Amino acid sequence: MIFNCARCRTLTFYSNTISCLLLSRRTRVLVPLSYSGMAAVSESDYERAVSALNGLQSNFQVLSEMRKQPRGRGKHIFSKTPEFLSRVGIDVTELDSLNVIHVAGTKGKGSVCAMCESILRAHGLKTGFYSSPHLLEVRERIRINGEPLGKDLFVNYFWQCYDSLTRNKELYEEQMPAYFRFLTLLAFKVFLNEKVDVAVVEVGIGGSYDSTNVIQRPVVCGITSLGYDHVDVLGKTIEEITWHKTGICKSGVPLFTSVQSDESLQVILSRGKELQASSVAIAPASSLYPDREKWKIGIAGAHQLENASLAVQLCKQWLKSMSKWNEGEEPLNDEGERCGLPIARPFLLPSSFIKGLSDCVWPGRCQVVKRVGVSYYLDGAHTAESLRVCSNWFSVSSRKEEAEIQGPLMKVLLFNFSGRREAKNLMNEIYSLGFDYALFCPNITSNDIHSSDQANYNVSVADMLGRCYDNEKAWLSLPGVCQKTKVFDCISDAVNWVGRVRKTNKELYVQVLVCGSLHLVGGAMNVLGVTVMGTN
């Protein structure tokens, strides 16, 4: 029987089956080869890889260091990324072959990336997609053809990178990359080895000093809607934040942006010139497209129409740059300009674009999960701007559902926010939705089930619960809110409470809005048994 070492990928022959043992951190693990030639792995192999990943310096620690620095935050940290790439066997120029679509922004960057990936896959291309954070399992962040990386591929590529980095690490000033940067290296390794036609890459935080910005020659770049987030790292003004986000511009590469404030557009224009982008244009309003009535977007929410406008502009430019655009130019007039930036031309969408938008799935964003007598409205909104959009979506969607409900109705908010901003400012966007109860809990799925994928080593359980009580206090200080509140130790306890309330009155229908954190939404999906395309 043929076995493969999951750590160094050398082949060993055995005449009978043997057990896979991990005697120490450096002991080889022998696992049987799958038919594809990639080593098959067990659940424990996957858990060991994720545990090793979690042992790296966290994003929380990296951000804490960046907060201590003056303007130019993160420049030193970012400068080490090419060295790390070299240590895992990748020259930075090799990334050019990935034909990258690089997207930064505050709101909607994940949705825009998901649409781009879906459109180009519908066009017949092999796609890679790197995003963050994950909802259920870390391998969701790295996708091939829309599917999260398989556990066997994740484990094998993980140890290839991890072992390359730990080998002679004492010779380097910065011995190991932090969590997010490691995953960025891993994604690039996977995309290169799996020979994708296009890699859609979502920026983590900011842009200028984000580890994804090691990409030197993307095909096209995009900036989604901008707002206030990570202000202690990116700056307290919209101009400072825009400066960082627009740092993904590259010489000779076209840039498209969603509609922004005049202040942001002025910075985008100046940064585009400074970084020598070949062109900078604003995506037109979705209403200007001649076939707008044919658009059926797989992600719920009216705001996704404007995200779709940016996505189709990025995909059209990508196909043109790759000499794959066969539709010709539409005989339409230019749509004018704003703040010195031209508005891109709307066009008739090819059938692959229509299909890609319709088939696009982006879990945890404006998603409704229905159970007997309960509808869970899931949205990972965690900024004031995104919660405003979430509020509008919930208001419209829940009202439509109410028209079909016979009997009494109860509205429940399940909220958590663990960032550094004032939770009260965020709750201002949702408190007027008519909730009967407000529930608060940390981003802990269950006290009984522990998953390496959803582990948080940055904050103690006591601190997380303390923040929940602070959130409850902030809620109660708002004018006219419901005074019925509860704090739970974990997400499963909160969901179980909803179930018990429903059982005491089987005529009652419950609508639950889960928001404030993508990690909270991911935990709720776990408890409700909702999968994320191929993660089970």
Side-chain angles (χ1 to χ4, degrees), residues 41-44 46-47 50 110 114 131-143 146-152 154 298-301 359-382 390 393-394 397-398 401 405 410-416 437 439-456 486 488-506 508-536:
V41 300
S42 67
E43 188 65 30
S44 60
Y46 176 72
E47 283 289 320
V50 177
S131 65
S132 62
H134 59 276
L135 291 170
L136 301 179
E137 299 185 26
V138 68
R139 59 196 180 90
E140 297 164 31
R141 298 180 182 224
I142 304 172
R143 298 174 183 246
E147 290 290 327
L149 196 64
K151 289 186 177 180
D152 52 352
F154 181 89
I299 313 173
D359 291 348
C360 184
V361 177
W362 195 226
R365 288 81 172 173
C366 296
Q367 179 178 4
V368 182
V369 176
K370 296 199 174 187
R371 295 293 181 261
V372 177
V374 185
S375 291
Y376 290 90
Y377 290 78
L378 309 177
D379 192 73
H382 57 277
C390 171
W393 164 70
F394 177 73
S397 300
S398 62
E401 186 180 48
I405 294 172
M410 184 172 79
K411 289 188 178 182
V412 176
L413 171 67
L414 177 54
F415 183 88
N416 187 41
Y437 269 94
L439 313 181
F440 304 90
C441 69
N443 298 333
I444 299 173
T445 302
S446 170
N447 288 326
D448 301 321
I449 302 172
H450 302 280
S451 167
S452 296
D453 282 294
Q454 295 182 319
N456 184 350
K486 288 183 178 293
F488 293 94
D489 289 346
C490 61
I491 299 166
S492 62
D493 285 354
V495 171
N496 289 338
W497 178 85
V498 173
R500 288 195 301 272
V501 169
R502 171 68 176 75
K503 285 183 179 179
T504 61
N505 183 356
K506 293 188 177 180
L508 179 69
Y509 200 92
V510 186
Q511 295 175 326
V512 184
L513 174 62
V514 184
C515 63
S517 165
L518 268 170
H519 298 293
L520 175 69
V521 167
M525 291 173 67
N526 194 335
V527 172
L528 295 169
V530 181
T531 62
V532 181
M533 303 184 301
T535 54
N536 282 7

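All values derive from a computational prediction rather than experimental measurement.
- When each of Ile444, Asn443, Asn496, Val495 is tested with Cys490 by the rule side chain to side chain contact (heavy atoms under 4.5 Å, CB included), just one qualifies, namely Ile444.
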Q.
As a quick check of understanding, evaluate side chain to side chain contact (heavy atoms under 4.5 Å, CB included) for Val514 and Leu520, giving each step before the final call.
A. CA-CA 8 Å; Val514 184; Leu520 175 69; 3.8 Å; yes
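- Within the model, atoms OG of Ser131 and CD1 of Ile142 stand 9.0 Å from one another, a figure rounded to the nearest 0.5 Å.
- Counting heavy atoms from C-beta outward, Val372 and Arg502 have side chains that approach closer than 4.5 Å.
- Every residue was checked against the side-chain hydrogen bond (donor to acceptor under 3.5 Å, both in side chains) condition with Ser492, not counting sequence neighbours, and none meets it.
- Side chains of Tyr46 and Phe154 form a contact here, defined as non-hydrogen atoms less than 4.5 Å apart.
- Tyr509 meets the ring-ring contact (aromatic ring centres under 6.0 Å, His included) test with no other residue; sequence neighbours excluded.
- A 4.5 Å side-chain heavy-atom check between Lys486 and Trp497 finds at least one atom pair inside the cut-off.
- Side chain of Arg141 to backbone of Ser132: no donor-acceptor contact under 3.5 angstrom is found.
- Proximity of Val369 to Met525: side-chain heavy atoms (C-beta onward) are nowhere separated by under 4.5 Å.
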Q: Go through Gln367 and Val530 one step at a time and tell me if the side chain to side chain contact (heavy atoms under 4.5 Å, CB included) criterion holds.
A: CA-CA 11 Å; Gln367 179 178 4; Val530 181; 3.9 Å; yes
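- In this structure the side chain of Cys515 reaches within 4.5 angstrom of the side chain of Leu413, judged on heavy atoms.
- Here Ile405 contributes atom CD1 and Ser375 contributes atom OG; the two are 6.5 Å apart, rounded to the nearest 0.5 Å.
- Here the closest heavy-atom approach between residue Leu518 and residue Pro133 is recorded as CD1-CD, 3.7 Å.
- Partners of Asn526 by side-chain contact (heavy atoms from CB on, under 4.5 Å), not counting sequence neighbours, listed by chain and number: Leu136, Thr445, Gln454.
- For the pair Leu528/Tyr376, a side-chain contact is recorded, criterion being any heavy-atom separation below 4.5 Å from C-beta on.
- For the atom pair CG (Leu149) and CZ (Arg143), the distance works out to 10.5 Å, reported to the nearest 0.5 Å.
- Listed by first and then second residue, the salt bridge (Lys or Arg N to Asp or Glu O under 4.0 Å) pairs that reach into residues 359-373 are Lys355-Asp359, Lys370-Glu401, sequence neighbours excluded.
- Inter-residue side-chain proximity for Asn416 and Ile491 is flagged as unmet; no heavy-atom pair is nearer than 4.5 Å.
- Side-chain contact between Ile299 and Val361: absent, with no pair of heavy atoms (C-beta onward) separated by less than 4.5 Å.
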(Q) Please determine whether side chain to side chain contact (heavy atoms under 4.5 Å, CB included) holds for the pair Ser517 and His382, giving the CA-CA distance in whole Å, both sets of side-chain angles, and the decisive distance to 0.1 Å. (A) CA-CA 5 Å; Ser517 165; His382 57 277; 5.6 Å; no
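- Contacts of Ala381 classified as side-chain contact (heavy atoms from CB on, under 4.5 Å), with partners at least two apart in sequence or in another chain: Asp379, Ser386, Leu387, Cys390.
- Smallest separation of non-hydrogen atoms from Trp362 and Gly110: NE1-C, 3.4 Å.
- The main-chain N or O of Leu135 is found under 3.5 Å from a side-chain atom of Glu140 such that the two form a donor-acceptor pair.
- Under the ring-ring contact (aromatic ring centres under 6.0 Å, His included) criterion, Tyr377 pairs with Trp393, Phe394, not counting sequence neighbours.
- Atoms CG and CG, from Leu378 and Leu414 in turn, are 9.5 Å apart once rounded to the nearest 0.5 Å.
- Classified by interplanar angle (parallel below 30°, tilted 30° to 60°, perpendicular above 60°), the ring pair His134/His519 is perpendicular.
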